[in-house]
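Labels below follow one simple rule: chain letters A, B, ... track the order of the sequence lines, proteins then strands, and each chain is numbered from 1. Fair warning: this is a prediction, and the values are worked out from it, not measured in the lab.
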2 protein chains.
Amino acid sequence: MLNNSVDQPLSDRELDVVFHALADPTRRAILVRLCDGPAAVSELAAPFGMSLPAVVQHLQVLEASGLIRSEKIGRVRSCSIDHATVRRAEDWLGQRRTPGERRLDRLEDFLSRGQPASNEHPPSPRSTQ
Amino acid sequence: MLNNSVDQPLSDRELDVVFHALADPTRRAILVRLCDGPAAVSELAAPFGMSLPAVVQHLQVLEASGLIRSEKIGRVRSCSIDHATVRRAEDWLGQRRTPGERRLDRLEDFLSRGQPASNEHPPSPRSTQ
DNA sequence: CGAATTGTTAAGCACATACTTAAGTATTCT
DNA sequence: AGAATACTTAAGTATGTGCTTAACAATTCG
């Protein structure tokens with residue numbers, strides 16, 4: 001249990017592709033699925049009402065991001081999650097949080113809670129204009 | 001120091017917009033900047049070689065995602081990071097990691113390290129076809 | 001060998017994204 | 001009041017994304 005989160009941090013370019021990969025419900029569902037262990041392409045595609053090539057494209061995005069790895073054995077491609085990349089993305093977020101929270105932002109933070117829960121998430125995020 | 005990461009988890013739709021917001025270098029740079037405390041719109045725009053409206057659009061994406069909040073005082077809009085949302089995104093990644101790593105994926109993981117560092121990140125992630 | 005299985009490649013299309021410039025509004029300064 | 005400041009809104013554009021269908025491998029089964 002040593003070596004906790006001490007990987008090489010993700011580059012800016014890598015963060016682009018990793019977070020972009022995560023910004024899609026199908027791809028996140030695939031990741032969730034892969035948490036239960038490796039799976040073949042068609043096995044991953046089964047739950048979704050979408051063509052096989054569409055899922056393969058999602059898998060390419062995931063693999064290019066480093067969030068999953070895959071290996072083709074015979075005619076079956078087995079995909080698995082890459083925990084290290086997940087952890088690196090998590091680490092980036094952690095760094096956005098930890099040093100920020102130790103500052104006197106806490107005061108500003110505290111004061112902003114004047115408007116309560118209704119400020120958390122408006123119904124239509126993209127139509128805020 | 002109680003209440004550590006026990007927020008309401010982000011919905012699928014919220015994860016979409018949060019990770020999409022994070023998938024852009026300008027927006028991440030803005031978040032990094034806001035870790036040092038609140039800032040005005042033009043103050044945030046200054047470092048980037050891009051028009052003010054472009055930065056404002058990024059800020060709208062960030063605010064719609066819940067990653068930042070903003071308040072207009074007089075003619076100045078002050079933006080600040082919302083640590084709670086950052087933490088919720090981090091938590092989602094943590095859940096993708098922790099329960100996965102406790103499984104026998106570890107074996108699969110271990111075996112896959114046969115191909116070492118060269119497998120980590122090819123130079124051109126999107127041109128893998 | 002021939003057929004089924006499993007995945008891959010290519011081309012195309014509708015829509016979203018990340019900008020731009022131009023023009024407008026609200027606030028503060030003099 | 002008039003001018004400067006600090007955004008805001010609108011409209012347009014080039015490129016990217018998420019699918020689709022059709023056709024093409026490569027592997028395994030009978």
Next item on the list: Tell me yes or no: between the side chains of B/His58 and B/Arg27, is some donor less than 3.5 Å from an acceptor?
Entry: yes
Note to self: Base contacts versus sugar-phosphate-only contacts with protein, heavy atoms under 4.0 Å: please encode nucleotides 19-30 of chain D as B, S and - from 5' to 3'.
What the structure shows: BBBB----BS--
Notebook entry, point to check: Please walk me through it: do B/Asp82 and B/Leu67 pass side chain to side chain contact (heavy atoms under 4.5 Å, CB included)?
Noted result: CA-CA 5 Å; B/Asp82 188 335; B/Leu67 286 166; 5.9 Å; no
Note to self: Please list, in numerical order, the residues of residues 40-48 of chain A that have a heavy atom closer than 4.0 Å to any atom of DNA chain C.
What the structure shows: A/Ala40, A/Val41, A/Ser42
Next item on the list: Measure from CZ on B/Arg77 to P on C/dT25 and round the result to the nearest Å.
Entry: 18 Å
Next item on the list: For B/Gln60 and C/dT17, give me the distance from atom CD to atom C1', rounded to whole Å.
Entry: 13 Å
Check: Given side chains that start at C-beta, do those of A/Val86 and B/Trp92 come closer than 4.5 Å, heavy atoms only?
Finding: no
Check: Would you call B/Leu34 and B/Ser80 a side-chain contact if the rule is heavy atoms closer than 4.5 Å?
Finding: no
Item checked: With B/Val41 via side-chain contact (heavy atoms from CB on, under 4.5 Å) - residues at least two apart -> B/Leu52, B/Val56, B/Leu59, B/Arg77, B/Cys79
Margin query: I need the NE2-C1' distance between A/His20 and C/dA18, as an integer number of Å.
Written below: 13 Å
Checklist line | Side-chain touch B/Asp91/B/Leu10, heavy atoms, less than 4.5 angstrom | finding: no
Item checked: Polar contact flag, side-chain donor to acceptor under 3.5 angstrom, B/Glu63-B/Ser70 -> yes
Note to self: Whether A/Glu14 and A/Arg88 form a salt bridge (side-chain N of Lys/Arg under 4.0 Å from carboxylate O of Asp/Glu) is what I want to check.
What the structure shows: no
Next item on the list: Starting from C1' on D/dG18, measure out to CG on A/Leu59 and report it in whole angstrom.
Entry: 14 Å
